[in-house]
Asker: 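Quick one: the structure is below, and I'll ask about it shortly.
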Amino acid sequence: MVQLIEVFTKRLQAAGLEHAAKLVQNLSHKLAPAAAGQEHLGPEFLMHIAKDLEALRSSIEEPADGVILLSDQDARHQILVLEQSYDIVNQLSREMGLFGYRLRSVVDGDGLIAALLDYPANAIIMDLDAPGSAEALTRLLVQVRDSAGRLLPVLGVSHNDDFQTRLNAVRAGVASYLIPPVDPHDLVMELDLLTHRREPDRLHVLLVEPSVARANNYCGILEDGGLEVTAVSQPEKALTALQEFSPDVILMAMYLDECTGAELARIIRQFPIHTSIPIVFLGPRTAMDQQLDAIGVGGDDFLSGPTHASYLVRFVRIRAERGRKLRSLMLTDNLTGLLNHTCTKEQLGKELARAIRRQTPLAFAMVDLDDFKAVNDTYGHPAGDRVIKTLARLFKQRLRRSDYVGRYGGEEFAVIMPESTAEDGKRTLDEIRIAFGRISQIALNGTFQASFSAGVAAFPEIDDSTDLMYWADQALYKAKQTGRNRIVIYEVGASKRKS
Ligand SMILES: Nc1nc2c(ncn2[C@@H]2O[C@H](COP(=O)(O)OP(=O)(O)OP(=O)(O)O)[C@@H](O)[C@H]2O)c(=O)[nH]1
């Protein structure tokens with residue numbers, strides 16, 4: 001019997017089911033005296049055994065039922081957890097699973113190293129007190145690095161909040177340090193930061209240059225320097241390119257065919273969304289007066305040729321980086337990092353134009369947190385802010401990269417889903433709604449669940465962005481009227497136009 005348990009435990013460990021293995025061992029220790037007739041098989045004892053069996057059953061289930069893992073995010077979302085408490089692992093799996101993280105747990109350092117051999121983890125959460133000493137922690141993390149073949153971010157959890165222990169952790173290479181009880185939301189936030197650093201997209205340059213030879217020359221140099229370039233020769237094409245490519249900087253010839261560069265700059269600056277894009281004029285060294293005139297009407301700088309290739313690339317890169325930073329400050333919401341109200345509306349216009357041009361569907365949704373006044377009144381404004389941030393994070397994780405989500409108002413969001421019908425949009429939002437409802441929102445005076453309602457409208461049924469917003473809002477109103485915590489599609493035929 002003892003041998004049987006040992007073999008079975010080893011098989012469970014080999015399958016990566018460390019917790020199940022530990023539970024089987026505990027169970028066998030409890031059953032041994034009963035088997036030897038030294039324990040009375042009363043209801044209390046049997047209840048204990050039943051509880052252990054239930055824990056064993058759930059330890060081999062998927063970490064969080066209903067978790068929808070986005071396939072392209074799987075690898076980034078695999079996390080190894082070194083933690084001996086089954087309850088803590090279970091709670092983390094459940095809550096973090098809602099954000100798409102899949103956890104595999106181990107109970108000691110050896111288990112951690114063994115798991116790294118066949119589990120492509122992207123980060124480690126570990127009880128820093130488990131290795132026993134600072135030296136053992138350092139040794140373990142060196143082993144981790146050797147086994148993984150790369151540096152994995154380690155989030156440490158420790159009961160010790162003193163300077164020396166923190167210093168030991170930093171020296172061992174621990175990236176984040178958390179004190180229990182650990183809120184799974186804090187872990188998700190840390191993991192998002194550590195594991196979702198996206199390679200920044202290449203800096204994008206819009207070149208407005210009527211001479212084909214000069215345009216080719218600039219494109220060649222800038223592209224060789226790692227920049228992405230869209231070149232147009234006519235001024236009116238520049239406006240369309242601006243809409244479509246959102247460049248980080250505009251390089252513009254002083255003299256264009258239909259107008260001057262200064263005139264085109266003035267037109268560009270008439271669009272509020274384009275006020276932060278740096279404009280650099282290209283022209284001969286001699287035209288000092290025109291240079292100053294051009295800068296006076298909204299240009300940012302002047303580049304007179306001929307210029308050395310490496311200087312040109314550095315010059316443009318610096319302007320583009322600054323342009324991108326400014327743009328992100330202007331376009332995103334402080335609390336959530338989502339697009340702000342103005343930018344969301346602009347983006348809807350762009351995406352709808354694209355959908356009309358390509359004749360592909362587009363779903364648009366207005367989303368509003370339910371009974372949010374009561375949340376603020378009962379749990380306080382900071383708890384309310386946290387709910388807003390949690391939903392924003394969930395949107396970012398669950399939506400595709402091609403979707404856009406903006407904070408439209410205080411507790412109101414807008415979601416743009418290109419290439420999605422109203423039904424597709426409803427399905428996606430329903431998955432997010434269900435996941436959101438499962439998240440425990442933690443406040444100082446209690447734990448609660450929050451929900452949201454949404455209304456969806458779509459192209460081609462509706463082909464105007466103001467109408468899309470209006471009808472999505474009407475559908476949202478209906479969702480609220482019919483009980484909240486639901487997604488309602490605007491019904492075509494109810495009345496197609498608002499006027
Ligand atoms: N914490 C927090 N609360 C906000 C923020 N913006 C708006 N709110 C609050 O959100 C609440 C919205 O309340 P209502 O418009 O009455 O709607 P509701 O209580 O959510 O009810 P329904 O929308 O009908 O489900 C108000 O109490 C606002 O103060 C914010 O940024 N943070």
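Indexing begins at 1, ligand by ligand and atom by atom, following the structure's order. Excluded from the calculations below are hydrogen atoms, water molecules and symmetry mates; all remaining heavy atoms, backbone and side chain alike, are included.
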Asker: Kindly check if the number of other-residue, nucleotide or ligand heavy atoms within 6.0 Å of CG (Asp162) is above 12?
Answerer: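 Yes, because the 6.0 Å sphere around CG of Asp162 holds more than 12 heavy atoms from other groups.
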
Asker: Short list, please: which atoms of ligand 1 are under 4.0 Å from a heavy atom of Gly384?
Answerer: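 Those qualifying, in numeric order: 1 (N).
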
Asker: From the options Lys373, Lys480, Gln481, His381, select the one whose nearest heavy atom is closest to atom 13 (O) of ligand 1.
Answerer: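 The option holding the nearest heavy atom is Lys373.
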
Asker: Only one of Asn376, Asp377, Asp371 forms a side chain to side chain donor-acceptor pair (under 3.5 Å) with Lys373, so which one is it?
Answerer: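 With Lys373 as partner, Asn376, Asp377, Asp371 yield a single side chain to side chain donor-acceptor pair (under 3.5 Å), made by Asp377.
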
Asker: Applying the side chain to side chain contact (heavy atoms under 4.5 Å, CB included) test to Val106, which of Val89, Val81, Leu116, Leu82 qualifies?
Answerer: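 That would be Leu82.
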
Asker: Below 4.0 angstrom from a heavy atom of Asp368, which ligand 1 atoms are there? Numbered from 1 as shown, please.
Answerer: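 Here the atoms of ligand 1 in question are 23 (O).
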
Asker: Can you confirm, on distance only, whether ligand 1 has an N/O atom lying under 3.5 Å from any N/O atom belonging to Phe372?
Answerer: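 Phe372 vs ligand 1: N/O contact under 3.5 Å present.
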
Asker: So, Glu95 and Arg438, do they make that salt bridge, N to O below 4.0 Å?
Answerer: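 The answer is no: the pair does not qualify as a salt bridge.
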
Asker: Which ligand 1 atoms does Arg484 reach within 4.0 Å, using its non-hydrogen atoms?
Answerer: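 So the atoms of ligand 1 that pass are 22 (P), 24 (O), 25 (O).
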
Asker: Please work out whether any backbone atom (N, CA, C, O) or any side-chain heavy atom from C-beta onward of Arg407 is under 4.0 Å from ligand 1, and answer side chain, backbone, both or neither.
Answerer: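 Under 4.0 Å from ligand 1, Arg407 contributes side-chain atoms alone.
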
Asker: Have a look at Leu203 and tell me which of Glu228, Arg319, Glu321 forms a side chain to side chain contact (heavy atoms under 4.5 Å, CB included) with it.
Answerer: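 When Glu228, Arg319, Glu321 are each tested with Leu203, the side chain to side chain contact (heavy atoms under 4.5 Å, CB included) holds only for Glu321.
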
Asker: Select the closest option to atom 7 (C) of ligand 1 among Ala450, Gly410, Ala479, judged by heavy-atom distance.
Answerer: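 Ranked by closest heavy atom to atom 7 (C) of ligand 1, first place is Gly410.
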
Asker: Can you check which of Asn485, Asp385, Val375 brings a heavy atom nearest to atom 32 (N) of ligand 1?
Answerer: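 Shortest heavy-atom distance from atom 32 (N) of ligand 1: Asp385.
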
Asker: Hey, is Arg266 close enough to Glu263 for a salt bridge, meaning N to O under 4.0 Å?
Answerer: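 So Arg266 does not pair with Glu263 through a salt bridge.
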
Asker: Please state which option from Asn376, Asp370, Leu335, Asp333 has its nearest heavy atom closest to atom 4 (C) of ligand 1.
Answerer: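 Nearest option to atom 4 (C) of ligand 1, by heavy atoms: Asn376.
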
Asker: Indicate, as side chain, backbone, both or neither, the part of Ile388 found under 4.0 angstrom from ligand 1 when only non-hydrogen atoms are considered.
Answerer: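 Looking at Ile388 and ligand 1, just side chain atoms fall under 4.0 Å.
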
Asker: Could Arg427 and Asp430 be called an ion pair, given the rule that one side-chain N must be under 4.0 Å from one carboxylate O?
Answerer: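 Salt bridge flag = no for Asp430 with Arg427.
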
Asker: Can you pull out the closest protein heavy atom to atom 17 (O) of ligand 1? Residue, atom name and distance to 0.1 Å, please.
Answerer: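 Minimum-distance protein heavy atom for atom 17 (O) of ligand 1 reads Glu411 OE1, 4.3 Å.
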
Asker: May I ask you to check whether over 12 heavy atoms, not counting those of Lys480, lie within 6.0 Å of atom NZ?
Answerer: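 Correct, the count exceeds 12.
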
